[in-house]
Amino acid sequence: TTGKIITWNSDRGFGFIERDDGGADVFVHWRDLADLSCDHLSFRTRVSFDIAPPDRSGKPRAINVATLTGNAATPRPSPREAAEAHFRSD
């Protein structure tokens, strides 16, 4: 399965993945990363992953999470950058 990171908290080591197939967002923890490095995960990072069956929380989670080759994460624009882009006229 593939998708993109929609939230990632480096301090706490978890986040959520939006699935490309339109399914429900999936929780991901740093221990389930294929390379065990969370420094490269940020907003819109494209990833591949498997889905583990629901655990005690009752919800599935992403496992074997790996960034896709050639992936460049798109940083979330600052509020100022977003406002400037909104009002910029070409």
Here the gap from I63 atom CD1 to H29 atom NE2, rounded to the nearest 0.5 Å, amounts to 14.5 Å
Run T1 and V26 through side chain to side chain contact (heavy atoms under 4.5 Å, CB included) and show every step you take. CA-CA 11 Å; T1 305; V26 182; over 6 Å; no
Atom of L68, atom of S48 and distance for their closest heavy-atom approach: CD2-CB, 3.7 Å
Between I51 and P60, the two heavy atoms sitting closest are CG2-CB, 3.6 Å
Work out which heavy atom in F43 is nearest to a heavy atom in I6; give both atom names and the distance. CD1-O, 3.5 Å
Output the distance between atom CD1 (I17) and atom NZ (K4), rounded to the nearest 0.5 Å. 12.5 Å
What one should report as the nearest heavy-atom pair of D25 and E18 is OD1-CA, 3.6 Å
Nearest heavy-atom pair of T2 and F49: which atoms, and what distance? C-CE2, 3.6 Å
Working to the nearest 0.5 Å, report the span between CZ of F27 and CG of D55. 9.0 Å
To the nearest 0.5 Å, what is the distance between CG on D32 and CZ on R61? 4.5 Å
Are the side chain of T7 and the backbone of F16 linked by a donor-acceptor contact shorter than 3.5 Å? yes
Closest approach of V65 and A62, non-hydrogen atoms and distance? CG2-CB, 3.8 Å
salt_bridge(D20, R46) N-O dist < 4.0 Å: yes
